[in-house]
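To start, the structure under review is shown below, and the notes come after it.
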Amino acid sequence: MTDASALPGQPRGGALSGPATARAVNVLAPNASAMTLDGTNTWIVAEPDSDLAVVIDPGPLDDGHLRNVVDTAEKAGKRIALTLLTHGHPDHAEGAARFAELTGTRVRALDPALRLGDEGLAAGDVVTVGGLELRVVPTPGHTADSLSFHLPADRAVLTGDTVLGRGTTVVAHPDGRLGDYLDSLRRLRSLTVDDGVHTVLPGHGPVLEDAQGAVEFYLAHRAHRLAQVETAVEDGHRTPAEVVAHVYADVDRSLWPAAELSVRAQLDYLSEHGLI
């Protein structure tokens with residue numbers, strides 16, 4: 001068995017559902033898959049002494065899960081006052097409209113199509129509920145509308161799919177762009193260096209105790225994959241499918257369609273920079 005402290009980001013062991021920091025509780029959605037890992041992490045975030053809470057990413061349209069999120073908050077003496085989305089993929093956002101019905105909350109997101117209410121989210125926004133402060137950090141790349149939420153009081157960041165608790169994420173071409181994603185990773189690294197963030201609360205997988213280590217690993221991984229793709233093209237592997245078969249030969253074939261999205265993003269990036 002591998003020691004978690006030796007893995008990128010030092011993933012926390014134990015059950016994924018439950019308290020993660022003084023202000024964040026995870027309710028794991030029952031939608032485990034090769035792409036969603038153990039399932040979607042739905043985060044309930046609140047000040048310990050407040051009766052108001054924020055939910056980030058209600059998850060899939062699963063009434064049992066959505067009601068479990070409400071029940072978990074109520075058992076802790078919290079009323080859900082606001083719903084936020086990290087991005088619009090269905091495993092994070094499909095249940096948002098139904099969750100809004102259950103809780104009477106607004107839904108705030110970067111993408112206007114996902115909002116319920118007049119307010120959206122934008123870079124530099126600070127969301128305050130019941131004394132809680134969440135700072136909106138734009139982190140496009142996985143998707144164009146991807147956001148992260150900086151939770152200063154816990155020295156934590158909620159990353160959606162930008163950084164996962166295990167493995168690496170997909171740059172979902174054509175909506176996702178590699179250049180944007182690399183910039184987003186650098187922005188997250190700045191949070192760890194300049195703002196003292198040490199904990200990643202991801203959209204899937206376990207909590208990461210070493211935020212800087214996780215982001216540095218992601219940056220190194222992307223640089224390595226990009227070099228592999230560039231070499232594969234130089235060796236005559238021209239189509240995205242050919243590059244995937246060559247570069248991702250050691251990866252489960254069921255993940256190749258997702259890998260092809262990232263490869264297409266990498267090929268675009270290399271072309272834009274005159275490298276192929």
Side-chain angles (χ1 to χ4, degrees), residues 20-21 23-27 29 40-47 50-63 65-70 72-74 76 78-154 156-163 172 175-176 180 184 187-188 191 195 197 200-204:
T21 67
R23 291 164 181 80
V25 174
N26 181 30
V27 182
T40 300
N41 294 333
T42 294
W43 292 101
I44 303 172
V45 190
E47 282 296 313
S50 174
D51 61 353
L52 298 178
V54 175
V55 163
I56 299 173
D57 290 352
L61 184 54
D62 180 309
D63 220 58
H65 169 65
L66 300 177
R67 291 182 182 278
N68 188 25
V69 175
V70 175
T72 299
E74 290 180 347
K78 312 287 186 186
R79 177 177 67 82
I80 297 165
L82 180 64
T83 302
L84 305 177
L85 298 177
T86 62
H87 65 297
H89 278 168
D91 56 312
H92 294 258
E94 187 181 33
R98 173 58 178 153
F99 191 70
E101 290 179 2
L102 292 172
T103 59
T105 60
R106 295 165 295 143
V107 177
R108 295 181 63 182
L110 179 62
D111 184 349
L114 299 170
R115 300 172 189 167
L116 291 174
D118 296 331
E119 285 188 284
L121 292 170
D125 283 354
V126 179
V127 177
T128 56
V129 172
L132 178 77
E133 179 182 293
L134 289 166
R135 299 176 184 173
V136 179
V137 182
T139 48
H142 169 66
T143 60
D145 69 330
S146 287
L147 298 171
S148 294
F149 298 99
H150 177 199
L151 178 55
D154 282 347
V157 61
L158 298 106
T159 55
D161 282 357
T162 300
V163 174
D175 184 44
D180 290 343
S184 294
R187 194 169 296 120
L188 291 175
L191 285 182
D195 296 278
V197 167
V200 172
L201 306 176
H204 303 278

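Remark: side-chain polar atoms of W43 are not paired, donor with acceptor, to backbone N or O of G203 under 3.5 angstrom. A donor-acceptor pair under 3.5 Å is formed between the side chain of K78 and the backbone N or O of S50. For the pair D91 (side chain) and T40 (backbone), a donor-acceptor distance under 3.5 Å is absent.
Atoms OG1 and CZ, from T83 and F99 in turn, are 5.0 Å apart once rounded to the nearest 0.5 Å. How far OG1 of T128 is from CG of L52: 11.0 Å, rounded to the nearest 0.5 Å. Between atom CG of residue D118 and atom CZ of residue R106 there is a gap of 9.0 Å, rounded to the nearest 0.5 Å.
Summarising the geometry of A100 relative to L116, their closest heavy-atom pair is CB-CD1, 3.7 Å, with the distance given to 0.1 Å. Among all heavy-atom pairs drawn from I44 and A53, the shortest one is CG2-CB, 3.9 Å. Between R135 and E133, the shortest heavy-atom distance links the atoms NE-OE2, 2.7 Å.
Neither side chain, T143 nor H89, offers a donor N or O lying under 3.5 Å from an acceptor on the other. Side-chain contact check for T139 and S148: at least one donor-acceptor pair (N or O, by modelled atom type) lies under 3.5 Å. The closest side-chain donor-acceptor pair between H204 and N41, if any, does not fall under 3.5 angstrom. Between the side chains of H150 and D195, no donor-acceptor pair of N or O atoms lies under 3.5 Å. With 3.5 Å as the limit, one finds no donor-acceptor pair spanning the side chains of T162 and T159. D145 and H87 are not linked by any side-chain donor-acceptor pair at a separation below 3.5 angstrom, with hydrogens and angles left out of the test.
Checked against side chain to side chain contact (heavy atoms under 4.5 Å, CB included), E101 has the following partners two or more places apart in sequence or in another chain: R98. Considering only residues two or more places apart in sequence or on other chains, D57 meets the side chain to side chain donor-acceptor pair (under 3.5 Å) condition with T86, H92. Scanning for side chain to side chain donor-acceptor pair (under 3.5 Å) contacts around E94 gives an empty result, with sequence neighbours left out.
Between R23 and D154, at least one side-chain nitrogen of the basic residue sits less than 4.0 Å from a carboxylate oxygen of the acidic one, meeting the salt-bridge criterion. Comment: R67 engages D63 in a salt bridge, judged by a side-chain N to carboxylate O separation of less than 4.0 angstrom.
Between I80 and the choices T103, L102, T72, the side chain to side chain contact (heavy atoms under 4.5 Å, CB included) rule is met once, by T103. Here the rule is side chain to side chain contact (heavy atoms under 4.5 Å, CB included) with F149, and of L201, V137, V136 only V136 fits it.
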Derivation and outcome, side-chain contact (heavy atoms from CB on, under 4.5 Å), residues V107 and L85:
CA-CA 7 Å; V107 177; L85 298 177; 3.9 Å; yes
Show, in sequence, the C-alpha distance, side-chain angles and deciding distance for T42 and V55, and conclude whether the side-chain contact (heavy atoms from CB on, under 4.5 Å) test is met.
CA-CA 7 Å; T42 294; V55 163; 3.8 Å; yes
Would you sort out whether I56 and L134 count as a side-chain contact (heavy atoms from CB on, under 4.5 Å), showing the intermediate values?
CA-CA 11 Å; I56 299 173; L134 289 166; 4.2 Å; yes
